[in-house]
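Notes follow once the structure below has been shown.
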Amino acid sequence: MKIIIAGAGKMGVTLTRQLSAEGYDLTLIDDSLKILEESQVRYDVMVVQGNCASMETLEQAGVKEANLLIAVAGADEINLLCCMTAHGINPNIHTIARIRNPEYAEQMYKMRDMFALSMSVNPENQAAVEIERLLKYPGFLKRDTFAKGRVEIAELRVDAGSKLCNIALNDMNNIVKCKILVCAVLRNKTAVAPDGNFVLREGDRIFVTAPTNNLAILLHNLGIVTHKVKRVLICGGGRVSFYLAKQLQKSGIAVQIIEKNPARCVQLASNLPSACIIEGDASSEFLLEGEGISECDALVTATDLDELNMIISLYGASCGVPQVITKLSRMGNSNILDALSLGSMISPKELCCNTIVRFVRAMKEQTGGALTMHSIADGQAEAMEFLVDDAVLHCGEPLRQLKLKKNVLVACITKGSKTEIPNGDSFFEKGDTVIIVTNGDKVLYQLNDIFEA
Amino acid sequence: MNYKMIGRFIGRILYVEVIFMLPALLISMCEQAWASATGFVVSMVITLFAAIFLSFLCKGYKKKFYAKEGLVCVGISWIVMSLLGCLPFYFSGAIPNYIDALFEIVSGFTTTGATILADVESLSKGILYWRSFSHWLGGMGVLVFLLAISSANEGNSGFTMHLLRAESPGPNVGKLVPQMKKTAGLLYCMYVLLTILNIIFLLIGRMPLFDAVCTAFGTAGTGGFGVRNDSLISYSPYLQNVCTVFMLLFGVNFSCYYLLMIKQFKSVFKDEELRLYLGVVVGSIALITWNLKGFYDTLGETLRHASLQVASIVTTTGFASADFDLWPSFSKAILLFLMVIGACAGSTGGGFKCGRALLMLKSLRRSVQQIVHPQKVQVVRINGHVVDEKIVQNTNAYLAAYVTIVLLSFMAVSLDNLSPMTNFSAVLSCFNNIGPGLEAVGPVCNFSMYSPFSKLVLIMDMLAGRLEIFPILIFFSRTTWKHR
């Protein structure tokens, strides 16, 4: 499959890395020859220098034969123009545009139709949605949704004194009293696919599949206090903060935003009527104290600087803020970050890349491709959602009779509006969606890949 | 300063004034009141002469026209219009003193309704008509009228915005439709329609046609000149209620009517200024009704008088159905409060305006919060829209100017040695374009006992109040007269 990536910024390069590893024909377009050279050396791609919205450059990049164009250049307008031009040259091309201006956010769906985009992505908005979900269920470190939001995979830490400590998974149902499935456990930085006799220990991070409404019951029965978040302190007034504040306002949560730039403050104050905008430097301890960091229910650090975010988060954690969420642009050294008490970590870029990679995979296998894919357990495992169609083998056979590949787990089966946590007697039929959890060694392109050949 | 352009504008305004004097002349002739008819003819000749002279003098004007010219143009034209508009009173012998005549016409044009005449009923109908018509013309503004009828070419040039801004009341004046000529036309269209509706309702209540037209003019401009000595006291309860309702209607921002016309009902009901206005009206009526317990025979009567007085004062009309000077102190205090608040911005009413009061309150709340929380960044918003800092500052300046003028005028008028309450209410009443005040200038009294000097002060107050201070205030600023 031929893919053109327009714009070799952070996002473009990350996409290049992921997609070239999966073996697609990539062409990278950018203005700057220097960045292109670098990418050419590091990854197996072709590069074209020029303005990605110009026909000449696009044709040079082979837009006529390409299957997909991903426009992730700096400006929304250029991305749109690029996609429209490409569509004009090659009507069969799929286009993905990154659009992140809040003023366009509301009209995203309409724009998608008008400009014939296959997909539009907004990393900051995605991050904000993610943070909001974390804030609504403060007991979890991270949550991923499947089956249109009906099923989730949530990450929990087994702390000292937790009811789950030293419990075998077989006995877990007696404690939580609702249908859940532990699909992966991260112990000592390695992901383990647990069986029924697996005993949980302190410090484990477990990944639980459950219907969305069971999550609240789970937390309740585990004795994890989920006090409702009423006041959120956000450091930095960037786009993530803006989208987040807008979402939180709707649910009546009090929001305070600390931002350094006076002009940006006024802009935020004009667009967020009920938020409290404070002009000041979020790195100042004095200011944070003055704004009541020790009394807030949650702290979100979303300034432009990763280092600053980390430091503020650490400070917040030391002040005893119940929930801390840190926005990071780079998540490379995950191991170091885990050692710090940064709370949940969110990377807009990564979230967005995952969305695009998922789309590309689904495109490759028009039938049977994964609907959604989330990488969990620090990228050591992947949870994928598939639709069961005609081509899928072993329909209607109980799971215990199937020979699945090693490290592959059927985590959930959704039949219509009913979600089922499967046991040995469960089966899937045509029309169902299933969630498969696998360790990241091999990529599953379609559902049939889970069966032992 | 582009004097020629201003001169041309004023010349045209005078033409308009001559044309508007015609009906009054015809009424005088029909009635065979020859003294008034002669007065009108002489005045029309003088005004026409002045208009021709100005147009002749100001030939070959340049097109340069800025905010300063707009303000000066509005200020001067109102003064000139008044100086010539009072001539019929003077020449007809109805008001033999020129200052008195000037007071009367300024009170008319500025829709104040304060009078120096003790016996209105003795005047001829032509004079009464001219008196009431001055309200109607002054209510929406004569320059707006000029914009509405101006040729498309001139009406479309950018400077006309300065004129509309200077003459229309309110902190933030905007156009309704993209073209100025059409905006002005729309405003007058709504104005005429509402006035006709008012006349019809009054006629249904069997008011004589002449009285109905004059009362409707007084109501539409929120002026308050009546054709009877006792204002509305001797009219039937139905007629009084009609007046109450229409006064309140004319106190509403006209852009609300436009929004109703284009069927945007939601934004009308959500309009914060309108809500404040109605809230103030309903609250005041309730408080006064409660305070007047036992003053009148029935609750209905109390309610009727309370609501008419509240509507009359809050819209700065100045009609009266009862001598509210006899009411208890608390009720009078509420009326004084209403005098200051005034009607909605963009209506024909005067006063400080509900819109400004709302803006001030919001800006005050912000200031208080900022004292507690110095680093908090906040914007003032009305109807969900952010109000520009410049407008907030401007409103603060307006308040300062407002208070200063009230205090200075109060002191100047006090030279006449009347009671402080009389003087204070007289200044408030004139400055806010209401008409009657309290005590010696109460609803059944008049302003004739003031000295010519005090009358001049009050004339300036009325003009400043109608034109929202700045077009008059800039005459006292040196930068206005210096060359650029």
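Keep in mind that the numbers below use all heavy atoms, side chains included, and drop hydrogens, waters and symmetry copies. Worth saying up front: this structure is predicted, and the values here are computed from it rather than measured. Lettering of chains follows the sequences in order, A, B, ..., and the numbering in each one begins at 1.
Counting non-hydrogen atoms of other residues, nucleotides and ligands closer than 6.0 Å to CG of A/D304 gives a total of 12 or fewer. Atom NZ of B/K182 is surrounded by 12 or fewer heavy atoms from other residues, nucleotides or ligands within 6.0 Å. More than 12 heavy atoms of other residues, nucleotides or ligands lie within 6.0 Å of CZ in B/R381, so this atom counts as buried by the packing criterion.
Taking SG of A/C265 as the reference point, atom CD of B/Q375 lies at 9.5 Å (rounded to 0.5 Å).
Between B/H373 and A/E291 there is a side-chain heavy-atom pair separated by less than 4.5 Å.
Neither the backbone nor the side chain of A/L268 comes within less than 4.5 Å of any heavy atom of chain B. Contacts of B/V377 with chain A are made by both backbone and side-chain atoms, with heavy-atom separations under 4.5 Å.
The contact list for residues 274-281 of chain A toward chain B, using heavy atoms and a distance under 4.5 Å, reads A/C276, A/I277, A/I278, A/E279, A/G280 by residue number.
The two atoms that bring A/S270 and B/V386 nearest to each other are CB-CG2, 3.3 Å, heavy atoms only.
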